[in-house]
J.: 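Can you keep this structure in mind? I'll have questions shortly.
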Amino acid sequence: MGIPRPMNTSGSDGVRVGIAPVVTPPIAVSGLRAALFAWLYVRAHGGTLVLRVADAQGPRIRDELTSLLLENLRWIGIDWQEGPDVGGPHAPYLTSRRVDHYRDGAQRLLDDGIAFRCFCTPEEIEARAQKEKRGRSSQKPTGHRCASISAAEAERRARAGARTFVRLRGDACGRVASDDVVRGRIFVEPPAEAFLVDPDGAPFDGFASAIDEVTMRIDVSFRDDESMPETAVQIRVARALGLSVPRIAHVGEIVGPDGARFGKRHGAATAQSFRRLGYHPRALANFLVALSWSHPDGLERFDPATLDRDFARSPIRREPAVFDFKALNRISAQTIREESPDFLLDRVYPYLLEGGFIDEGGDRARLREVVAVCREHLSCLSEIVKYADIFFGETFIEVKERKLLKRESSRQILVAFRERVERMSDLDAEGFRRTITEVQGATRATRETVLLTLRVALTGQTAGPDVSDVAPVLGPRACAEKVERALHLAHQS
RNA sequence: GGCCCCGUCGUCUAGCCCGGCCUAGGACAGCGGCUUUUCAAGCCGUCAACACGGGUUCAAAUCCCGUCGGGGUCACCA
């Protein structure tokens, strides 16, 4: 059946799709995925992606955090037609700069007796929340003492300079229905006496959405499903103010192998951390989308940017999805393998530099060879450092692998190889193959054993790049040295 | 604890809305094999699921009810 078609309330320029990621905490895979789906939705149906950044809460107006967020969204491949950086007819697109827009709405809610002023300090609120948590109150806690202060009295105190939160009255917090784009009809309920505006006039997410998504003429709003309570607040507020509510798409959550929401305890969950590790952005996008959406043609690998109308042919699944690193690594490895050595070289360079393997402005031709050899074995670009020692340092040979070198047969292989390679001025793939055959003949070892022994001597690992690829890049001299050292190590321990 | 969401192979899913074509299909992982230049990649094969219990029906993964399980949320900050 696919995804329901959008209701276009905004004229001929197509559907207006909104996302409103928060600036802190840093955007994680779930937020990234909600944004990705919004972007795909726009591409499939034609329209405008409107990016509104929720930067009003927490550390206020932190420009670096905002640009980091935009960078991360762009990194994964998303682009938007209206947003803080590109502007648009409904600017500004930062909630911190829209405080004026919220004041009227809040005042009207207050006047109409739908909201009340709460004079409690953050400490008092915190203490109360703790107590409720401990008491495991079964009753919905309503009737907060501030709620019973008369409106006139509350206004007087507020005008006298008291710092207040604006909160939704308990009787306005009942559950409401929403026809969700991914879930169908759902029922949601705002938290008891939900917070709308803080003492500095900064809106809480649901309240900001109620106002902004109407003024920005959003038709469909994508968000991750943790924000369902905020959606409830949005609907309640909008209803009270006589405003419309866009269709909302709650994208299902991403959980770890233990079933708990994928987050810190599973390691890196932020966009930034995947970026730092050097995952291929297209692969991460592919992976995240495929977590809850299957290609109508059964493809498992696809470039989200080329999906276009195909995206609308298949529905977004609502069930929680398990973040499977193996699957991500596989997709990322495949994608990396398809990139040219030059493309990879530029991206791998910082890791080598940072690891102290190379100096600024190193030999590009040699680096390209190294990258070409390692390319098949990278799940993410930072893994290059696992292999960097082979080419740029002293090969480290694991104790476990040294056992192999201790054998008399291994010694014979290494000696035979060294003798030959020492006499060579150049070592290409063909020369290496020939040499191996000679060594094989001289030692009467199997080809497999010869290769494995040399692999350990030259790379220090039993997995990783092929010896037959590594040796030519190292050249005869370095090969001889590494073998010499391996022989030495074998005798030591 | 209140409220909400979710429940098909280990994982991602197809099927569910519109009951029969489902002795439940695919992919990935796992396992086995082939590629005999090793690890990896690639190719071939194989294992494996409708959470449970009631109902409705000639017929249920598909509809209804209940139970169980998992998760989310309950100001901000973390």
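In what follows, every heavy atom counts, from backbone to side chain, and hydrogens, waters and symmetry copies are set aside.
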J.: What residues, two or more places apart in sequence or in another chain, satisfy side-chain contact (heavy atoms from CB on, under 4.5 Å) together with Asn72(A)?
T.: Ile27(A), Leu68(A), Ala271(A), Gln272(A), Arg275(A)

J.: By salt bridge (charged side-chain N to carboxylate O under 4.0 Å, His left out), which residues pair with Glu300(A), not counting sequence neighbours?
T.: none

J.: Provide a list of protein-nucleic acid N or O atom pairs under 3.5 angstrom, restricted to nucleotides 48-51 of chain B.
T.:
none

J.: In residues 324-335 of chain A, which ones come under 4.0 Å of RNA chain B, going by heavy atoms?
T.: Asp324(A), Lys326(A), Arg330(A), Gln334(A)

J.: What residue pairs, at least two apart or across chains, pass side chain to side chain donor-acceptor pair (under 3.5 Å) with a residue in residues 373-384 of chain A?
T.: none

J.: With Ser340(A), which residues qualify under side-chain hydrogen bond (donor to acceptor under 3.5 Å, both in side chains), at least two apart?
T.: none

J.: Kindly state each residue pair satisfying salt bridge (Lys or Arg N to Asp or Glu O under 4.0 Å) with at least one member in residues 444-470 of chain A, sequence neighbours excluded.
T.: none

J.: Residues in salt bridge (charged side-chain N to carboxylate O under 4.0 Å, His left out) with Arg169(A), at least two apart?
T.: none

J.: Of all residues at least two apart in sequence or in a different chain, which pass the salt bridge (charged side-chain N to carboxylate O under 4.0 Å, His left out) check with Arg239(A)?
T.: none

J.: Looking at residues at least two apart in the chain, or sitting in another chain, which of them share a salt bridge (charged side-chain N to carboxylate O under 4.0 Å, His left out) with Arg368(A)?
T.: Asp342(A)

J.: Could you go over nucleotides 5-8 of chain B and give all protein N or O partners under 3.5 Å, atom names and distances?
T.:
unit_1 : atom_1 : unit_2    : atom_2 : d
C5(B)  : OP1    : Phe187(A) : N      : 3.4
C5(B)  : O3'    : Arg183(A) : NH1    : 3.2
C5(B)  : O2'    : Arg183(A) : NH1    : 2.6
G7(B)  : OP1    : Glu319(A) : OE2    : 2.6

J.: Among residues two or more places apart or on two chains, list those pairs meeting ring-ring contact (aromatic ring centres under 6.0 Å, His included) that have a residue in residues 173-197 of chain A.
T.: Phe165(A)-Phe195(A), Phe195(A)-Phe204(A)

